[in-house]
Amino acid sequence: MQTKQPTARALAREAVHASILAAARARLTEEGPSQLALRAVARDVGMVSSAVYRYFASRDDLLTALLVLDYDELGAAVEAADAAVDRADVAGRWAVTCRAIRTWAVAHPGDFALLYGSPVPGYVAPPSTIEPASRTTHVLIQVVADAWADGRRGARPAPASPPDGLPSAIGDAVAYMRERGVAPDLPDELVLRILMAWTTVFGVVSFELFGHTVGAVSDGAVYFDHVVARLADDLGITARRP
């Protein structure tokens with residue numbers, strides 16, 4: 001059966017929708033997420049503000065569309081980086097996937113600020129953003145899980161005197177992984193190390209983009225790669241240094 005082609009009107013609407021999102025992304029970089037306003041975006045695309053409301057009912061709807069777009073774009077970049085490396089090369093996969101996060105963030109600082117910066121006052125992200133937001137995290141978890149399953153034992157032995165309450169402290173992460181079927185059998189110690197690595201990767205990128213490493217780090221890319229290599233070592237993905 002022949003696929004029905006979109007009408008000229010539908011194509012025109014898609015084009016306007018895309019131009020609004022592009023203008024909004026530009027404003028994210030120039031002004032930051034908290035300053036995003038539909039009226040300003042309307043001016044940027046040459047529309048009256050009332051016309052923009054036919055595409056996005058409110059600023060929050062626009063923010064949600066941007067979140068989904070950005071999370072999906074970042075997730076796709078990380079997934080593509082992972083797919084380009086041999087499945088058995090878990091160390092290489094870890095390095096390129098983490099590097100893909102930084103590469104995308106440096107190219108889209110305003111979008112990264114929307115995803116991982118300060119919350120926008122008055123805005124609460126709806127459930128529709130959860131799946132797109134999970135794409136990048138799932139790739140990182142899977143790389144570690146593959147290393148564990150491949151016999152490299154992705155976690156070092158638990159500390160001799162672990163702090164009390166680890167299962168309850170990371171219970172949400174463990175429950176999420178089991179409910180979603182994302183490496184559900186990893187031990188708590190390894191889940192803890194994944195959480196540490198995940199927050200460190202995004203924390204290092206955030207510090208770089210928001211200027212907190214000025215005067216301390218002279219080459220952000222090289223520093224990031226060293227951090228990623230040490231995280232891999234902690235996760236058991238690379239050979240331990242003596």
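Quick caveat: nothing in here was measured; it's all calculated off a predicted structure.
Applying the side-chain hydrogen bond (donor to acceptor under 3.5 Å, both in side chains) rule to pairs touching residues 210-228 yields R99-D225, H226-R230, sequence neighbours excluded. Every pair passing salt bridge (Lys or Arg N to Asp or Glu O under 4.0 Å) that includes a residue from residues 40-62 is listed here, sequence neighbours excluded: R27-D44. Sorted by first and then second residue, the pairs that involve residues 196-212 and meet salt bridge (Lys or Arg N to Asp or Glu O under 4.0 Å), not counting sequence neighbours, are R102-E208. Annotation: salt bridge (Lys or Arg N to Asp or Glu O under 4.0 Å) contacts involving residues 103-113, sequence neighbours excluded, comprise R25-D111. Listed by first and then second residue, the salt bridge (Lys or Arg N to Asp or Glu O under 4.0 Å) pairs that reach into residues 171-183 are E131-R180, sequence neighbours excluded.
Judged by distance alone, with hydrogens and angles left aside, the side-chain atoms of W94 form a donor-acceptor pair with the main-chain N or O of V228 at under 3.5 Å. Judged purely by atom type and a 3.5 angstrom limit, S19 uses its side chain to pair as donor or acceptor with the backbone of V16.
When the side chains of ILVMFWY residues are joined at heavy-atom separations under 4.5 Å, either directly or via intervening members, V68 and L36 end up in two distinct hydrophobic clusters. F207 and V201 fall into different hydrophobic clusters, where Ile, Leu, Val, Met, Phe, Trp and Tyr side chains are chained together by heavy-atom contacts under 4.5 Å.
Partners of T200 according to the side-chain contact (heavy atoms from CB on, under 4.5 Å) rule, which considers only residues two or more places apart in sequence or in another chain, are V204, V227, L231. The ring-ring contact (aromatic ring centres under 6.0 Å, His included) search around Y55 returns none, not counting sequence neighbours. Under the salt bridge (Lys or Arg N to Asp or Glu O under 4.0 Å) criterion, D188 pairs with no residue at all, not counting sequence neighbours. Take E14 and apply the salt bridge (Lys or Arg N to Asp or Glu O under 4.0 Å) test, not counting sequence neighbours, and it matches no residue. Residues satisfying the side-chain contact (heavy atoms from CB on, under 4.5 Å) test with A183, not counting sequence neighbours, are I141, A145, M177, L186.
Residues D233 and I237 have side chains not in contact (no heavy-atom distance under 4.5 Å, counting atoms from C-beta outward).
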Please output the side-chain donor-acceptor pairs of residues 115-130 that fall under 3.5 Å, not counting sequence neighbours, one pair per line with the distance.
| unit_1 | atom_1 | unit_2 | atom_2 | d |
| --- | --- | --- | --- | --- |
| Y123 | OH | T64 | OG1 | 2.6 |
| T129 | OG1 | P126 | O | 2.8 |

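Residue V85 shares its hydrophobic cluster (ILVMFWY side chains chained together at separations under 4.5 Å) with V96.
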